[in-house]
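Presented below is the structure to which this report refers.
Residue numbers begin at 1 in each chain, while the letters A, B, ... track the order of the sequences. All values reported here derive from a predicted model rather than from experimental measurement.
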Amino acid sequence: MLDIKRLRQNPEAIAEQLKRRSYDFDVESFNSLEQERKALSIRTQELQNERNTRSKSIGQAKAKGEDIQPLLAEIADLGDSLKTAEDELSVLNQTIHHLLMSIPNLLDESVPEGKSEDDNVELRQWGTIPHFDFTIKDHVDLGAADGLMDFEAGVKLTGARFVVMRSHMARMHRALIQFMLNTHSDEHGYQEVYVPYIVNADSLRGTGQLPKFEEDLFKLDSEQEYYLIPTAEVPVTNLFRDTIIKEADLPITHVCHTPCFRSEAGSYGRDTRGLIRQHQFEKVELVQIVKPEDSLQKVTELLGHAEVILQKLELPYRVVELCAGDTGFSATKTYDIEVWLPAQNTYREISSCSHFGDFQARRMMARYKNTKTNKNELVHTINGSGLAVGRTLVAILENYQQADGSIRVPDILQPYMGGLQKIG
RNA sequence: GGAAGUGUAGCAAAGUGGUAAUGCAACUGAUUGCUAAUCAGUGAUCCUGUAAAGGAUUCAGGGGUUCGAAUCCCCUCUCUUCCGCCA
């Protein structure tokens with residue numbers, strides 16, 4: 001959520017900035033809504049003040065034993081006009097709030113111009129792209145042996161975009177999760193958390209998935225308004241909703257493994273083959289709650305923590321800076337890590353590390369007590385995948401494949417797999 | 001699932017229809033001096049205002065009764081205890 005005070009002061013400048021991400025902010029209708037709200041708010045407060053004052057005097061008169069009937073008669077119609085004003089104001093406030101909740105974050109100045117992912121800017125590459133002296137297979141064919149990775153079983157149990165894994169494949173999938181969690185908590189100092197996989201609507205509003213992106217979520221048919229989480233970002237960041245954090249406790253760094261559930265509405269026909277785009281996938285997420293002045297540095301550090309995983313797995317990747325048009329709704333700046341997939345002959349996203357400024361914090365009322373100003377101020381929130389587990393598994397299968405169709409187990413993972421050196 | 005309780009500011013805790021006591025913590029200021037004490041001020045959100053200041057809202061959430069609601073009524077939620085069920 002943007003700062004409504006800044007929006008009031010200079011709506012044209014904000015509209016101009018929002019144009020970078022092709023968001024059309026209607027300054028005129030916002031101004032007229034604001035004008036109406038201001039007038040109505042003043043009128044309502046005047047009426048409330050009158051009611052309070054008069055009620056008080058009735059109380060005093062009664063205490064003295066005076067007759068209160070004439071006083072009651074004087075304010076006979078105050079109640080109705082107050083109620084009308086309050087109701088109108090409440091509707092108007094809701095309209096403005098809803099508008100505000102649907103405006104995306106302002107982009108950081110450093111974000112490059114651009115419309116789509118084609119305009120993203122490559123910052124660096126790491127590792128050597130492997131060359132094979134045999135015809136390579138993609139991860140679906142590699143996983144098909146002995147039903148290690150079984151998409152038909154996923155269809156039978158549920159439907160499209162679900163998978164069943166068996167034996168060493170399931171084990172490597174689990175090993176990746178353990179390896180990532182251990183690395184981030186032991187070497188990067190993140191505190192591990194375990195959280196619910198089902199959240200309420202308030203949490204989703206807090207991180208920005210609601211109200212705009214409900215169609216991307218799986219909603220439960222329960223009495224309460226419950227949703228399956230699309231990422232651990234939602235429960236972990238919302239730990240700090242409606243909270244005033246002690247300054248000494250910042251920065252807070254959490255690592256969390258969860259399954260993620262996404263409806264993938266609007267992605268029909270994209271990545272239909274294989275593990276790349278599933279309705280259910282595992283992810284290890286890094287979340288940081290930081291002081292505003294630290295956030296730019298911290299997001300770079302977090303990006304580095306995610307990169308370490310690929311380096312230890314010896315998987316080639318590149319880091320790109322998302323352009324204005326490709327940066328997500330809540331983010332002010334995003335770096336993607338893309339891993340090399342030989343069968344697709346391209347880099348594919350495996351982590352997205354974003355800086356949200358105070359956008360999520362304002363929605364969540366996540367604040368800290370600034371000991372210099374002695375005021376409660378909004379924190380900044382940062383998160384990134386460290387990493388998407390399914391896609392990491394795909395990258396290992398394709399990059400570590402052997403001529404006989406087996407997969408060499410990366411050195412760093414072998415201790416997590418009972419010393420196993422190859423699968424398939 | 002059944003029954004009975006419960007929810008008040010960072011924490012603790014009064015308040016049963018007249019408009020949120022008090023204690024601790026924290027912060028600010030003053031005074032006295034020795035590892036601090038005493039006194040005063042300061043809850044949160046929002047609005048008007050350059051400011052000084054003023055006002056509104058806020059007692060788990062939502063609705064209702066009333067001139068006036070933390071207090072009375074209805075619905076929902078949280079936590080606690082007991083019973084039932086259960087990995």
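Atom name P, nucleotides A21(B) and G33(B): the rounded distance is 36 Å, in whole Å. Comparing G7(B) with U16(B), their P atoms are spaced 13 Å from each other, to the whole Å. For the C1' atom pair drawn from G55(B) and G63(B), the interatomic distance equals 27 Å after rounding to whole Å. A distance of about 23 Å separates the C1' atoms of U58(B) and G49(B), rounded to the whole Å. Spacing between U42(B) and A52(B) at atom P, rounded to whole Å, works out to 16 Å.
On a pure distance criterion of 3.5 Å, no polar donor-acceptor pair joins the side chain of Lys56(A) and the base of G18(B).
Rounded to whole Å, atom C1' of G10(B) lies 12 Å from atom CZ of Arg367(A). Atom P of nucleotide U66(B) and atom NZ of Lys83(A) are separated by 12 Å, given to the nearest angstrom. Remark: C1' of A56(B) and CG of Asn52(A) are 8 Å apart, rounded to the nearest angstrom. Here A56(B) presents its P atom at 17 Å from CG of Leu40(A), a figure rounded to the nearest Å. Atom-to-atom, CG of Asp87(A) to C1' of G63(B) comes out at 12 Å; the value is rounded to the nearest Å. Rounded to a whole Å, the CD atom of Glu377(A) is 16 Å from the C1' atom of U45(B). In this structure, the NZ atom of Lys246(A) is 10 Å from the C1' atom of A25(B), given to the nearest Å. If you measure from atom CG of Leu82(A) to atom C1' of U57(B), you get 12 Å, rounded to the nearest angstrom.
Residue Lys38(A) places its side chain closer to U48(B) than to any other of G18(B), U48(B), C47(B).
Backbone-only engagement by Arg8(A) is indicated by non-hydrogen atom pairs under 4.0 Å involving sugar-phosphate atoms exclusively.
Taking a cutoff of 4.0 Å between a charged side-chain nitrogen and a carboxylate oxygen, Glu86(A) and Lys83(A) do not qualify as a salt bridge. Ion pairing between a basic and an acidic side chain is recognised when a charged N comes within 4.0 Å of a carboxylate O; Lys115(A) and Asp119(A) show no such pairing.
Closest-nucleotide positions on RNA chain B for Arg37(A) and Leu72(A) were compared, and the one nearer the 5' end corresponds to Arg37(A). Toward the 5' end of RNA chain B, the nearer of the two residues Gln48(A) and Met365(A), judged by each one's closest nucleotide, is Met365(A).
Note: His188(A) and His305(A) have parallel aromatic rings, judged against thresholds of 30 and 60 degrees for the angle between ring planes.
A donor and an acceptor atom, one from each side chain of Ser330(A) and Asn105(A), are nowhere located under 3.5 Å apart. Asn200(A) and Ser203(A) share a side-chain donor-acceptor pair at under 3.5 Å.
Side-chain contact between Pro230(A) and Gln209(A) is present, with heavy atoms from C-beta onward closer than 4.5 Å.
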* How does RNA chain B read in dot-bracket, base by base from 5' to 3', with Watson-Crick or G-U pairs under 3.5 Å and | used when the partner is on another strand? -> (((((.((.[[[..)..(...]]].(((((((...)))))))((((((....)))))).[[[[[..)....]]]]]).)))))....
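Applying the ring-ring contact (aromatic ring centres under 6.0 Å, His included) rule to Tyr23(A) yields no partners; only residues at least two apart in sequence or on another chain are considered.
OP1 or OP2 of U57(B) lies within a sub-4.0 Å distance of a side-chain N or O belonging to Arg51(A). Of the side-chain N and O atoms in Asn49(A), none sit less than 4.0 angstrom from OP1 or OP2 of G54(B).
The only option from Tyr226(A), Tyr227(A), Phe261(A) that meets the side chain to side chain contact (heavy atoms under 4.5 Å, CB included) definition with Phe218(A) turns out to be Phe261(A).
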